[in-house]
Amino acid sequence: MTYRQVHRLWWSQSWRWVIGLMAVLIVIGMGAAVKTTQGHQQGLQQTSRMKVDQASDYRKHPENYQLHGHQVTLAEYNTEQYQFFSKDQFKVHDYEVRIGVTGNNWYYLIMMIAGLVFAFWGRRTHYAEFMLGLGATRNQLFLVQLGQTLALILTVAVAQLSYWGWIIAVIPAKYQAYRNLAVLFGSNVAIVTISFGVLVLGWFVGLLNNRFWLAAILSGLAWRFLEGVGSESGYAMLLFGNDVLPVGFWFYAHYYVASSLVLGLAVLVCGAIWQLQRTWSAESTPFSGETLFRKVGLIGVITVAGGAILGDIFLQPFIPGVLPWFEILGMAILLVVLLLGLTVQKQRLKGVQHGA
């Protein structure tokens, strides 16, 4: 079969849920935009009593109303206070940074669900087997799904464009004095790239096992761990010392580094996905009969994702401090338990075989 034929057949059966996810992403972007502008407009609405009190205070103490060291009029002062964009918003000043992009987590949730669906839809419906039986190759199926991934990534980009387009159009220009389209573009490239990374994370974890509920839990826990590493200072302090800048602030100010890092990791995970799909079998196989790559991948995900939350819940009270030793210890404990369990299972299988 040609790639075009495979593409047409695969889309003919999967377009409903792909288009549905794309529609949800657009709704998230527009919904967040409307909510954001409504919040800004509500902040501008002062009651008559508030206006009278502020005007009275200004007449008594005009020296208290200053901007950049200079006394200003009350109107100028209020205009500055209600600026939507912060001055030097994407620069870090004494650990103070404004991070206010609503809806990103909803993007990431939908993209993770999309990744899980990519992993399970073809297997649960047996459509992947059907296509292989018609003569499609595994590489062709992978490339078609990669094309669907690209469609979802572009949808996130469109949703973000709609988000900022609505905000810029609705909020009065006088409250956008510090708008910087160049840095907004760079920051949103990072959001789109992270969305791609979350999708391939869910896709990868979904291919490691045959249980959707387990893959969903592991994907969520893995994202929880990775998001913590990228936003909190524990692991950065462990590697670079106590004087390191908070990681979340640093990545926010250096969005191009975040984009490059996530994109590089996502490409590596795509390679792992290709390897898993290339060796996938529709036959039910016990864990001991899985390929080494799948075994190592599943054990690694369970160890990191499960061990981190194990440490957070049960070990953190006994290991105080900001360094994440409790998570590392939780991972080590869980890894030992997993390896012991697999060793015991292997010995039992050997005993059964000898007994037979």
Side-chain angles (χ1 to χ4, degrees), residues 7 10-11 14 17-29 32 99 101-122 139 141-164 183-208 215-216 218-231 247-248 251-252 254-277 297 301 304-305:
H7 181 273
W10 190 269
W11 269 95
S14 60
W17 59 263
V18 175
I19 297 299
L21 291 173
M22 294 169 69
V24 172
L25 290 170
I26 296 295
V27 170
I28 288 173
I99 303 177
V101 182
T102 306
N104 292 357
N105 288 333
W106 289 108
Y107 289 144
Y108 303 151
L109 174 63
I110 297 302
M111 294 298 271
M112 181 167 289
I113 291 173
L116 291 169
V117 175
F118 279 138
F120 281 93
W121 180 79
N139 286 342
L141 295 181
F142 173 70
L143 290 175
V144 171
Q145 289 182 294
L146 209 57
Q148 292 178 324
T149 298
L150 178 60
L152 289 170
I153 294 169
L154 291 176
T155 303
V156 174
V158 171
Q160 279 296 94
L161 181 63
S162 302
Y163 174 84
W164 288 113
V183 295
L184 282 178
F185 175 79
S187 177
N188 284 281
V189 168
I191 293 171
V192 173
T193 307
I194 293 171
S195 298
F196 173 48
V198 175
L199 184 149
V200 298
L201 173 65
W203 191 359
F204 172 70
V205 175
L207 289 173
L208 291 174
L218 290 177
S219 297
L221 292 178
W223 170 242
R224 173 187 176 275
F225 170 75
L226 293 172
E227 194 273 338
V229 171
S231 62
V247 180
F251 275 133
Y252 183 74
H254 300 83
Y255 41 81
Y256 53 89
V257 178
S259 300
S260 301
L261 182 60
V262 173
L263 182 61
L265 292 174
V267 170
L268 291 177
V269 175
C270 281
I273 291 171
W274 173 78
Q275 175 65 20
L276 289 171
Q277 292 207 160
V301 170
V304 173

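Just so it is clear, the values below take in all heavy atoms, side chains as well, and ignore hydrogens, waters and symmetry mates. Sequential numbering from 1 along the given sequence is applied to the chain's residues. Computed from a prediction, not measured in an experiment: that's the story for all the values here.
Under the 3.5 Å distance criterion, the side-chain polar atoms of Ser187 are left unmatched by any main-chain donor or acceptor of Val183.
A distance of 9.0 Å separates CD1 in Ile19 from CG in Leu152, rounded to the nearest 0.5 Å. Put simply, OG1 on Thr149 and CZ on Phe118 are 4.0 Å apart, with the number rounded to the nearest 0.5 Å. Rounding to the nearest 0.5 Å places CG of Asn104 at 6.0 Å from CD of Gln160. Taking CG of Leu221 as the start and CG of Leu226 as the end, the distance is 11.0 Å to the nearest 0.5 Å.
A salt bridge (charged side-chain N to carboxylate O under 4.0 Å, His left out) check over residues 221-230, counting only residues at least two apart or in different chains, returns the pairs Arg224-Asp312. Identified under the side-chain hydrogen bond (donor to acceptor under 3.5 Å, both in side chains) test for residues 262-274, with sequence neighbours left out: Asn139-Trp274.
Nearest approach of Gln148 to Ser14, heavy atoms of both residues: NE2-OG, 2.8 Å. Closest approach of Ala114 to Leu21, counting heavy atoms only: CB-CD1, 3.7 Å. In terms of heavy-atom proximity, Val144 sits nearest to His7 at CG2-CA, 3.8 Å. Across Leu116 and Ala215, no two heavy atoms sit closer than the pair CD2-CB, 3.8 Å.
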Kindly list each side-chain donor-acceptor pair under 3.5 angstrom involving residues 191-208, sequence neighbours excluded, with atom names and distances?
unit_1	atom_1	unit_2	atom_2	d
Thr193	OG1	Val189	O	2.7
Ser195	OG	Ile191	O	2.9
Trp203	NE1	Gln277	OE1	3.4

Throw together a table of side-chain donor-acceptor distances under 3.5 angstrom for residues 257-272, partners on residues two or more places apart or in other chains.
unit_1	atom_1	unit_2	atom_2	d
Ser259	OG	Ala190	N	3.4
Ser259	OG	Tyr255	O	3.0
Ser260	OG	Tyr256	O	2.9

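Considering only residues two or more places apart in sequence or on other chains, Val27 meets the side-chain contact (heavy atoms from CB on, under 4.5 Å) condition with none of them. Listed by chain and number, the residues in a ring pair (Phe, Tyr, Trp, His ring centres under 6.0 Å) with Trp10 are Trp121, Tyr127 (sequence neighbours excluded).
Looking at heavy atoms from C-beta onward, Met22 lies out of side-chain contact with Leu154 at the 4.5 angstrom threshold.
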